[in-house]
Amino acid sequence: MGSDLRAGLAIIRATWVAVAVFVLFGTGVTLAFNALSASLLSDVSLELPLVPGFLSALILDALVEMIVPYLLILFMIEIAAIGGERLAGKDSRMQLVFKLNVAWSLLVAAIFSTLIITLLGWLLQAFMGVVLLSLFGDTANQDSGSVISTLGLIGIVQHLLILIVLAFGISRFALIPVIARHHAVGFGEAWRLQTHGFDNYYGSVRNRFFRVLLVLLVIEAVIALAVTSGIGDGFFTNILVSAVSVFLLTVWAVAILTCMVRSQPEASEPTNEDTQDH
């Protein structure tokens with residue numbers, strides 16, 4: 001895990017100017033869309049879910065959650081690709097040329113990841129509901145302080161389980177758009193390479209990225225909690241937390257994926273000599 005984190009930092013250092021601009025841009029876009037969405041939600045009545053204003057707010061919320069991260073990741077895939085070329089000794093200029101197969105692979109991967117996260121989220125919600133019902137039945141005669149501490153512990157565990165669900169769902173498909181970018185293939189071929197051409201072991205690279213992404217998610221959550229508890233909730237807090245989130249979960253994560261993909265040998269068909277040797 002440490003080598004993967006260091007490899008991602010190497011790409012970040014190779015393109016630090018582009019990364020700095022990217023973090024500022026990503027933070028500004030995220031805050032702007034979130035503010036616009038919150039403003040629209042505050043102007044409509046939540047008691048009338050069929051009014052156009054409410055539906056517009058829901059649609060805008062969905063667009064913020066899907067399109068903004070999608071475009072940011074698409075940008076970062078290109079920046080990280082250039083960083084990987086610079087680490088390989090090439091004199092690569094910062095030219096962002098987007099490819100349709102990468103955009104399509106990222107879209108499909110995002111949809112599949114969302115389906116996995118939603119399904120696991122439903123199961124987790126049902127499980128936590130059973131746990132809480134059991135807890136309230138067992139704490140009927142306990143003092144309030146003990147109940148509050150128990151609920152706090154359950155909240156921490158629940159949040160950690162949510163992060164595990166997010167890391168697992170994303171890691172199942174996160175390699176695919178990066179493979180499509182570096183191997184110039186479509187979604188189907190990238191899926192085959194991911195499951196059969198990496199480390200000669202099914203799922204090993206995905207499992208490595210799952211652990212790395214989980215660490216980044218936990219770090220981001222701890223920093224957000226510390227900043228919010230330390231300086232309170234406000235505009236500066238939102239800027240700082242958003243910038244940290246963009247750096248950890250988009251910049252660093254994509255850089256690590258890029259190193260993972262570029263460090264793997266291309267899968268090749270067995271030759272006649274290989275067949276005869278065996």
Side-chain angles (χ1 to χ4, degrees), residues 1-19 22-23 72-99 101-106 108-110 112-113 167-219 246-271 274:
M1 182 184 300
S3 60
D4 290 323
L5 293 172
R6 288 191 297 271
L9 285 177
I11 278 187
I12 293 172
R13 287 194 296 267
T15 54
W16 69 270
V17 175
V19 165
F22 177 87
V23 171
L72 290 178
I73 293 171
L74 200 59
F75 267 104
M76 192 58 218
I77 287 175
E78 291 299 314
I79 294 174
I82 294 169
E85 292 178 355
R86 290 181 179 179
L87 287 179
K90 299 179 181 179
D91 186 15
S92 300
R93 297 175 57 192
M94 188 57 66
Q95 284 185 314
L96 305 181
V97 180
F98 298 108
K99 300 174 176 60
N101 65 320
V102 180
W104 172 250
S105 297
L106 178 59
V108 178
F112 284 166
S113 296
F168 178 82
I170 293 173
S171 66
R172 296 306 91 186
F173 298 94
L175 284 167
I176 290 178
V178 183
I179 293 174
R181 168 64 178 81
H182 290 274
H183 292 269
V185 296
F187 178 86
E189 181 64 15
W191 170 265
R192 188 191 70 80
L193 286 173
Q194 174 188 251
T195 56
H196 296 92
F198 278 58
D199 283 353
N200 297 319
Y201 175 69
Y202 184 89
S204 59
V205 178
R206 286 187 296 175
N207 294 336
R208 277 169 51 201
F209 182 68
F210 162 71
R211 294 190 292 269
V212 170
L213 181 59
L214 180 58
V215 169
L216 294 179
L217 283 168
V218 171
I219 293 174
V246 169
F247 177 77
L248 291 177
L249 304 183
T250 302
V251 172
W252 204 353
V254 173
I256 291 169
L257 282 171
T258 301
C259 285
M260 286 181 170
V261 170
R262 290 178 63 88
S263 64
Q264 300 300 315
E266 293 190 25
S268 58
E269 298 295 332
T271 61
D274 296 332

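From a predicted model like this one, the values you see are computed outputs, not experimental measurements.
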Open item on the list: Less than 4.5 Å apart, side chain to side chain, heavy atoms only: is that true for Phe22 and Val246?
Closed with: yes

- [ ] Flag this pair as yes if the NZ/CZ of Arg172 is under 6.0 angstrom from the six-membered ring centre of Phe168 and inside a 45 degree cone about the axis; otherwise no.
- [x] yes

Open item on the list: For residues 74-83, which residue pairs pass the side chain to side chain donor-acceptor pair (under 3.5 Å) check, not counting sequence neighbours?
Closed with: Glu78-Arg181

TODO: Output every pair passing side chain to side chain donor-acceptor pair (under 3.5 Å) with a member in residues 4-14, not counting sequence neighbours, ordered by first then second residue.
DONE: Asp4-Arg208

Task: For the student: nearest non-hydrogen atoms of Phe187 and Ala109, plus distance - done: CE1-N, 4.1 Å

Task: Sidechain-backbone polar pair: Ser113 side chain, Gly169 backbone, donor-acceptor under 3.5 Å - done: yes

Task: From CD (Glu189) to CG (Asn101), nearest 0.5 Å - done: 11.5 Å

Open item on the list: Distance check, rounded to the nearest 0.5 Å: Leu106 atom CG versus Ile176 atom CD1?
Closed with: 10.5 Å

Open item on the list: Working to the nearest 0.5 angstrom, can you tell me the gap between Ile79 CD1 and Leu74 CG?
Closed with: 10.5 Å

Task: Considering all heavy atoms, the nearest Gly186-Ser105 contact - done: C-OG, 4.0 Å

Task: Considering all heavy atoms, the nearest Trp252-Leu5 contact - done: NE1-O, 3.1 Å

Task: From CG (Leu257) to CZ (Phe209), nearest 0.5 Å - done: 3.5 Å

TODO: Kindly indicate whether the side chain of Phe112, heavy atoms from C-beta on, has any atom under 4.5 Å from the side chain of Trp191.
DONE: no

Open item on the list: Nearest 0.5 angstrom please: Ile170 CD1 to Leu175 CG, how far?
Closed with: 12.5 Å

Quick one: side chains of residues 81-90, donor-acceptor pairs under 3.5 Å with protein atoms, not counting sequence neighbours, listed by atom name and distance.
from: Glu85; atom 1: OE1; to: Ser92; atom 2: OG; distance (Å): 2.8
from: Arg86; atom 1: NE; to: Ser92; atom 2: O; distance (Å): 3.0
from: Arg86; atom 1: NH1; to: Ala14; atom 2: O; distance (Å): 3.0
from: Arg86; atom 1: NH2; to: Ser92; atom 2: O; distance (Å): 3.1

- [ ] Run the ring-centre check on Phe75 versus Phe98 and record whether the distance is less than 6.0 Å.
- [x] yes

Open item on the list: In the structure I gave you, are the side-chain heavy atoms of Leu249 and Leu217 within less than 4.5 Å of one another anywhere?
Closed with: yes

- [ ] Output, in order, the C-alpha distance, side-chain angles, deciding distance and verdict of side chain to side chain contact (heavy atoms under 4.5 Å, CB included) for Phe247 and Ile12.
- [x] CA-CA 10 Å; Phe247 177 77; Ile12 293 172; 3.9 Å; yes

Task: Considering all heavy atoms, the nearest Cys259-Ile11 contact - done: SG-CD1, 3.6 Å

- [ ] Specify the closest pair of heavy atoms between Ala180 and Ala190, including all atoms of both residues, with the distance to one decimal.
- [x] N-CB, 4.2 Å

TODO: Just do the side chain to side chain contact (heavy atoms under 4.5 Å, CB included) check on Thr195 and Arg206 with the steps written out, would you?
DONE: CA-CA 9 Å; Thr195 56; Arg206 286 187 296 175; 4.0 Å; yes

Open item on the list: Measuring only between side-chain heavy atoms, which start at C-beta, is Val251 closer than 4.5 Å to Met76?
Closed with: yes

TODO: Output the distance between atom CG (Leu72) and atom CD1 (Ile77), rounded to the nearest 0.5 Å.
DONE: 11.5 Å

